[in-house]
Visitor: 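I have a structure here, written as structure tokens, and I will follow up with some questions on it.
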Protein chains: 2
Amino acid sequence: MRDVAREAGVSVGTVSNVLNKPDEVSADSIARVQSAIDKLGYIRNDAARRLRAGVSSTVGFIVLDGRNPFINEVVRGAEDEASRHGIAILVGNTDEDPAREEMYLDLFAEQQVRGVLISPYGDITRRLQRLREREVPVVLVDRMNPEGRFSAVATDSVSGGRMAAEHLLAQGRRRLAFVGGPFDMRQARDRLDGARWAVENSDAGATLEVVTTTALSVEEGIAAGRRIMDRQPAQRPDAVFAGNDLVALGLLQSLSTGGSLLVPQQIALIGFDDISFAAAAAVPISSMRQPARAIGQTALRILLEEAADATLIPRQTVFRPELVARASSG
Amino acid sequence: MRDVAREAGVSVGTVSNVLNKPDEVSADSIARVQSAIDKLGYIRNDAARRLRAGVSSTVGFIVLDGRNPFINEVVRGAEDEASRHGIAILVGNTDEDPAREEMYLDLFAEQQVRGVLISPYGDITRRLQRLREREVPVVLVDRMNPEGRFSAVATDSVSGGRMAAEHLLAQGRRRLAFVGGPFDMRQARDRLDGARWAVENSDAGATLEVVTTTALSVEEGIAAGRRIMDRQPAQRPDAVFAGNDLVALGLLQSLSTGGSLLVPQQIALIGFDDISFAAAAAVPISSMRQPARAIGQTALRILLEEAADATLIPRQTVFRPELVARASSG
DNA sequence: CTGTTAGCGCTTTCAT
DNA sequence: ATGAAAGCGCTAACAG
């Protein structure tokens with residue numbers, strides 16, 4: 001910066017002002033400083049900037065599972081919005097491991113990130129509270145915060161679960177199963193709750209059983225499907241609501257006998273998220289679509305607003321999922 | 001840090017040493033400093049550390065398309081290795097847009113990242129050279145650097161292309177098509193070159209046509225499939241090698257007539273990358289598997305080695321792809 | 001509108 | 001083994 005100042009024949013303070021408050025500087029200075037910057041290939045040192053000004057140009061995003069295309073779309077939405085503000089995103093995958101969650105929270109705190117987006121696994125309110133005491137804004141993603149202590153952006157999973165179950169009931173199915181878990185994962189619990197509500201409030205005499213998985217992954221979907229196939233045909237559900245599309249994809253793979261799929265004739269299937277691969281599956285999978293991109297974008301926007309004004313009251317933004325019916329649900 | 005020093009009854013220099021060079025400090029000091037840190041909830045300020053010491057604890061990763069699960073696995077591999085070193089990863093999606101590539105390169109330079117991993121789109125040797133002049137190590141990912149100026153970690157796409165085509169030929173197919181592009185994307189060109197070599201060096205009298213796409217995406221695969229279906233059946237290829245699995249997935253969706261797929265009977269299909277969704281497709285897709293995780297891990301490891309020792313000679317690490325034959329290639 | 005300067009929190013000599 | 005102090009590159013406050 002000193003070199004740039006010398007080259008442009010101004011002081012470092014002026015160079016700083018050109019970079020940060022161009023309207024307080026004469027057009028002439030701006031031009032000269034700019035050309036000096038170009039000539040010398042100067043790149044400002046964000047560490048020093050950060051140290052002095054206390055503002056950082058990174059935000060952290062802690063996600064449960066980066067292998068889920070849905071999450072990737074959310075991150076992508078946040079990234080697009082961030083790049084518009086000259087901000088880069090630090091990503092951390094937790095694999096639903098609280099220890100990794102802790103680690104990234106620490107790492108991001110060290111980095112003095114401008115804020116943290118997180119789709120949390122367990123209950124880390126206390127941990128996040130500490131972050132907030134350090135003035136680091138936090139926005140929960142893909143999950144509500146009932147106490148309203150943090151801003152949150154998510155889809156209404158309960159409604160989504162209800163709509164999915166109602167769809168299956170409308171197809172004439174009566175022996176429903178929810179395949180998902182673990183249930184300390186909020187999203188899974190909410191989707192099940194919604195489905196349960198729909199079944200209990202229908203007068204069709206339908207039932208809902210729960211097949212628990214240890215994660216919302218393709219592998220767990222396959223395993224759950226095997227368990228279902230191990231039963232006598234009469235004992236199997238006639239419709240399955242999968243916790244998300246990965247589970248649905250896994251289920252689809254194992255719900256077949258001797259090469260012939262049971263879906264949708266014997267078993268109707270619906271997933272959640274509407275990832276792009278759901279439509280390309282062996283049987284195109286029905287799903288509850290979430291506006292992934294918009295979720296990420298909105299979350300980042302709120303985060304930046306809160307970073308700019310710490311007095312803002314936390315707000316919950318809820319998107320409504322949308323039923324996308326395909327072949328798998330008949 | 002001053003607070004910690006006071007609490008522990010030592011100087012800030014000692015606190016710093018406890019954190020960075022524990023072996024130069026007495027066990028007693030370590031213990032007291034540690035407990036002071038815990039008590040006060042001290043988190044070190046990475047900006048200051050960076051400013052003074054010049055070492056950063058972030059690396060940047062610039063990827064072509066974060067929607068590709070293959071790339072995500074690579075990033076994941078890098079992230080796992082990074083977290084072992086207390087390093088976080090800044091991600092930037094370029095969407096094959098040179099302007100975004102530039103933007104992220106600048107942003108990462110400002111951040112004084114420890115190094116940059118990049119799966120580059122066009123020819124940005126010059127741009128990367130500038131980074132290197134600033135002592136920022138660069139490792140190319142998923143792409144070789146023939147001039148050997150940068151370290152690179154990738155799969156041998158030419159061999160992969162050759163193996164894919166040979167597999168199709170071995171299935172008795174003779175009218176092969178390569179669906180992919182654009183060809184200023186190195187990986188696409190290499191895969192085609194490999195396939196071409198295999199066709200030309202087989203004495204089966206096979207042919208290879210090229211169906212060009214503007215990206216290696218599901219959408220482009222669908223569009224290319226439509227163009228193929230628009231032809232008279234006799235004019236269609238009897239085997240398609242897709243530039244990657246996304247294209248293959250797209251092709252699979254459009255290669256059907258009135259609900260009945262032509263794959264694999266009329267048209268054999270093979271993709272590249274072996275993303276997890278390839279196996280779950282309508283017809284399980286054959287693919288050339290790349291060790292995604294290992295690529296990311298290796299790239300990061302090399303990056304850190306080069307960051308630690310600038311005199312290291314660039315090295316190219318090549319993984320061999322592996323044929324995974326499934327139903328789609330008969 | 002521009003220049004001067006203190007100091008952000010840390011690491012790293014250099015004495016002790 | 002520990003402490004004192006310089007200074008990394010920048011921003012912001014203030015003087016001119």
Side-chain angles (χ1 to χ4, degrees), chain A residues 1-34 36-37 40-58 86 106-114 134-136 307-308, chain B residues 1-34 36-37 40-58 86 106-114 134-136 307-308:
Chain A
M1 197 151 163
R2 222 169 38 223
D3 296 342
V4 171
R6 195 183 312 122
E7 176 74 28
V10 298
S11 73
V12 292
T14 301
V15 175
S16 174
N17 283 334
V18 168
L19 259 26
N20 301 306
K21 307 165 188 166
D23 24 317
E24 292 185 13
V25 178
S26 72
D28 181 52
S29 292
I30 292 182
R32 287 162 58 199
V33 168
Q34 266 309 341
I37 286 175
L40 300 177
Y42 167 77
I43 294 182
R44 112 171 112 194
N45 183 330
D46 189 67
R49 174 186 168 75
R50 196 132 111 196
L51 180 58
R52 178 62 233 234
V55 302
S56 148
S57 48
T58 57
D106 285 342
L107 204 51
F108 292 172
E110 266 188 27
Q111 301 287 330
Q112 329 275 135
V113 292
R114 177 101 66 116
R134 291 174 183 281
E135 317 263 275
V136 180
Chain B
M1 197 152 162
R2 222 168 39 223
D3 296 342
V4 171
R6 194 182 312 120
E7 176 76 26
V10 299
S11 73
V12 291
T14 301
V15 175
S16 174
N17 283 334
V18 168
L19 258 26
N20 301 303
K21 307 165 186 167
D23 24 318
E24 291 184 12
V25 177
S26 73
D28 179 52
S29 294
I30 292 181
R32 286 161 58 200
V33 168
Q34 264 310 340
I37 285 176
L40 300 177
Y42 166 77
I43 293 182
R44 115 169 108 194
N45 182 329
D46 189 67
R49 175 188 169 73
R50 195 133 109 198
L51 181 58
R52 178 62 232 232
V55 301
S56 147
S57 49
T58 57
D106 285 343
L107 204 52
F108 291 172
E110 266 188 28
Q111 300 286 331
Q112 331 275 131
V113 293
R114 182 110 116 213
R134 293 175 181 282
E135 318 262 278
V136 180

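Residue numbers begin at 1 in each chain, while the letters A, B, ... track the order of the sequences. Because only heavy atoms are used, hydrogens play no part in the values below, and waters and symmetry mates are left out as well, while side chains stay in.
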Visitor: Is there a side-chain contact between B:Thr14 and B:Ser11 (heavy atoms, below 4.5 Å)?
Guide: yes
Visitor: Would you say a side-chain N or O of A:Asn45 is under 4.0 Å from OP1 or OP2 of D:dC10?
Guide: no
Visitor: Contact class for B:Arg44 (heavy atom, under 4.0 Å): base, sugar-phosphate, or nothing?
Guide: sugar-phosphate
Visitor: Quick one: are A:Thr58 and B:Thr58 in side-chain contact, heavy atoms under 4.5 Å?
Guide: no
Visitor: Keeping A:Arg114 on the side-chain end and A:Ser56 on the backbone end, is there a donor-acceptor pair under 3.5 Å?
Guide: yes
Visitor: What does A:Asp46 touch in the nucleic acid at a heavy-atom separation under 4.0 angstrom: a base, only the sugar-phosphate, or nothing?
Guide: nothing
Visitor: Is it true that a side-chain atom of A:Arg50 and a backbone atom of A:Gln111 form a donor plus acceptor pair closer than 3.5 Å?
Guide: yes
Visitor: Restricting to side chain to side chain donor-acceptor pair (under 3.5 Å), what partner residues turn up for A:Arg49, sequence neighbours left out?
Guide: A:Asn20
Visitor: So how far off straight is the helix from C:dC1-D:dG16 to C:dT16-D:dA1, going by the axes through five pairs at either end, to 10°?
Guide: 30°
Visitor: Above 12 or not: heavy atoms from other molecules or residues under 6.0 Å from CZ of A:Arg134?
Guide: yes
Visitor: In whole angstrom, give the distance that lies between atom CG of A:Leu19 and atom C1' of D:dT11.
Guide: 11 Å
Visitor: For B:Glu7, what residues pass the side chain to side chain donor-acceptor pair (under 3.5 Å) criterion, not counting sequence neighbours?
Guide: B:Lys39
Visitor: If you walk 5' to 3' along DNA chain C, what is the first nucleotide with an atom under 4.0 Å of a heavy atom in chain A, and what is the last?
Guide: C:dC1 to C:dG9
Visitor: Are B:Val25 and B:Val33 packed together at the side-chain level, in the sense that at least one heavy-atom pair is separated by less than 4.5 angstrom?
Guide: no
Visitor: What string of B, S and - do you get for nucleotides 1-7 of chain D, 5' to 3', when a contact is any protein heavy atom under 4.0 Å?
Guide: SSB--BB
Visitor: Run the side chain to side chain donor-acceptor pair (under 3.5 Å) test against A:Glu110 and tell me which residues pass, sequence neighbours left out.
Guide: none
Visitor: Counting only N and O atoms by type, is there a donor-acceptor contact under 3.5 Å from the side chain of A:Arg32 to the main-chain atoms of A:Ala8?
Guide: yes
